[in-house]
Colleague: 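Sharing a structure with you now.
Naming convention: chains lettered A, B, ... in sequence-line order (proteins, then strands); numbering from 1 in each chain.
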Amino acid sequence: MTSELQIFNTLSRKKELFEPLRPPYVGIYVCGPTVYGDAHLGHARPAITFDLVFRYLTHLGYKVRYVRNITDVGHLENDADEGEDKIAKKARLEELEPMEVAQFFINRYHSSMDALNVKRPSIEPQASGHIIEQIEMIQQIVNKGFAYEANGSVYFDVEKYNDETHLYGCLSGRVIEDLLSTTRSLSGQEEKRNSADFALWKKASPEHIMRWKSPWSEGFPGWHVECSAMSTKYLGEQFDIHGGGMDLLFPHHESEIAQSTSVHKHGPCKYWMHNNMITINGQKMGKSLGNFITLNEFFTGEHPLLEKSYSPMTIRFFILQAHYRSTLDFSNEALKAAEKGFSRLMQAMRYLEKLTASQTSSVDIGGLKQKCYDALNEDFNTPVLIAHLFEAAKIINAVQNGKENLTLADINTLKDIFDTFITGILGLSDEISDDSSETIGKLMDLILKLRQQAKTDKNYALSDNIRDELNLAGITVKDSKEGATWSKES
RNA sequence: GGUCUUGUGGCCGAGUGGCUAGGCAGCGGUCUGCAAAACCGUGUACAGCGGUUCGAAUCCGCUCGAGACCUCCA
């Protein structure tokens, strides 16, 4: 299949035709979470965005290797003391092994992502397992003369690099002169030649638990080098797509480009993709701002800002209803609208399974599938895709009501579209059918049969009572001409 | 202060020059024992001002507002 996929490349700030470097293979690297806390709604955005990219490229027939790292070392704390590692800090407070803490949150991250139906990446490397690769990369940068050692730590020489390449700032639009004049208060500041220089290796202070031997000191790698080292290891010196949140644009991704370019003479990837932030009351939802709501809190509804619980699929649908490069504003109202809309789509999907075919079709669904592809090809425009799917839902409902007709072929086309786009690419699944077991189904058939008898006998008190009681049990009963149907709340 | 992004109807959110995006909510109706769902109908939306154009939400300028990054953050 010839790709007509356009991807907005942050590097050029334009949509570009997607042409893999080595078709049919595609390499994707996405910056994953730092595992020192539970995943919040903000983490769901890149996970779902790049899950979509992964699913769609796979659907198009590419052989995709999707690498999403886990940062379990290397992030420096700037608020507290002397550059203590975030993981190590948490560990010491709770007297746990650092890796125990990391593993705890990795497990929780995975279960949240599984709930959201986010596919596991092909490789999920942990920074702590790639210290050797990082040291090697730092050594290469030193050898090329773009880094210097100071007191056991190694820093990237931004000014020297920029003089030779004129690249520092190419991704973020930053101007080097401005950066050089910026003052910071990070530890080790006095060791740097320039304030814009960033750490490749940090000498560990005596109380620092997570530490490794290196040619320069016992210490730990800087944050940016982990992604460069691991992406190079698993995807090569240059791969197709590098993704992450917009907040990582600078300095993280800018520094990755600098590191790769200083060693390989070119940047790490062809396309840079950045998802936008989720806001809450118009402000970025973030750990440092303390205004985040974790995914588990959404699932359980246990948070002061939440009026109710929201299912994982509601969250997923909510995120996919906005384009990934737009900010998305959280509110109970918006989430409830997403929940309602999603259930409408799922109801149509259920009707579709049982639709009666006619000899002729009274509506034309010919161009629908292509329109769905067109939407995705336009830089993964999921809101437009979803709008098309609602058009299909409307047609299905009309057929269900006997107001329109569809041939068997057209019904099968719709089934194919729903299966391909809703289930396959958007990764949305009907939560209701998932937890309705066969036994419950039989019991429900029986109960509804008894209720129907009550209705036939005009014993509405009884029939309504049955419906009310079921309602309390989280089961909604809907009457129609063909009989009653039921669905379970998630 | 610098770099970048952005401002769409009650809410969320597509749309880059001309053709009703879509969802939710609201209102009126159909259907129904009732309810729910569904269906039909229903909205003088494009921050303000000026410019370009036969024509602008869409391009340009200015004003005002909002946000992200510049320090860890998805």
Colleague: Check whether any side-chain nitrogen or oxygen of Lys403(A) sits under 4.0 Å from OP1 or OP2 of C40(B), and answer yes or no.
Modeller: no

Colleague: G15(B), OP1 or OP2 - any side-chain N/O from Asn381(A) closer than 4.0 Å?
Modeller: yes

Colleague: Could you give the distance separating G13(B) and G67(B) at their P atoms, to the nearest angstrom?
Modeller: 15 Å

Colleague: For residues 458-466 of chain A, which side-chain N or O atoms pair as donor and acceptor with protein atoms under 3.5 Å away, sequence neighbours left out?
Modeller:
| unit_1 | atom_1 | unit_2 | atom_2 | d |
| --- | --- | --- | --- | --- |
| Asn459(A) | OD1 | Leu462(A) | N | 3.2 |
| Ser463(A) | OG | Tyr460(A) | O | 3.1 |
| Asp464(A) | OD1 | Arg467(A) | NH2 | 3.4 |

Colleague: For residues 363-372 of chain A, dump all side-chain donor-acceptor pairs below 3.5 Å to protein atoms at least two apart in sequence or in another chain.
Modeller:
| unit_1 | atom_1 | unit_2 | atom_2 | d |
| --- | --- | --- | --- | --- |
| Asp364(A) | OD1 | Gly366(A) | N | 3.0 |
| Lys369(A) | NZ | Asp416(A) | OD2 | 2.6 |
| Gln370(A) | NE2 | Asp374(A) | OD1 | 3.0 |

Colleague: Expressed in angstrom and rounded to an integer, what is the separation of Leu345(A) atom CG from A37(B) atom C1'?
Modeller: 15 Å

Colleague: For A38(B), take OP1 and OP2 only and decide whether either is under 4.0 Å from a side-chain N or O of Arg344(A).
Modeller: yes

Colleague: Tell me which residues in residues 388-396 of chain A put a heavy atom below 4.0 Å from RNA chain B, sorted by number, or none.
Modeller: Phe390(A), Lys394(A)

Colleague: With respect to the phosphate group of A74(B), does any side-chain polar atom (N or O) of Asn275(A) fall under 4.0 Å of OP1 or OP2?
Modeller: no

Colleague: Give a yes/no answer on whether the side chain of Ser326(A) brings an N or O atom under 4.0 Å of OP1 or OP2 in A14(B).
Modeller: yes

Colleague: Tell me the partner of A38(B), counting only Watson-Crick (N1-N3 plus N6-O4 or O6-N4) or G-U wobble (N1-O2 and O6-N3) with both under 3.5 Å; none if nothing fits.
Modeller: U30(B)

Colleague: Record whether the side chain of Asp479(A) comes under 3.5 Å of the base of C34(B) through a donor-acceptor pair of N or O atoms.
Modeller: yes

Colleague: Rounding to an integer number of angstrom, what distance separates U58(B) and A14(B) when you compare their C1' atoms?
Modeller: 13 Å

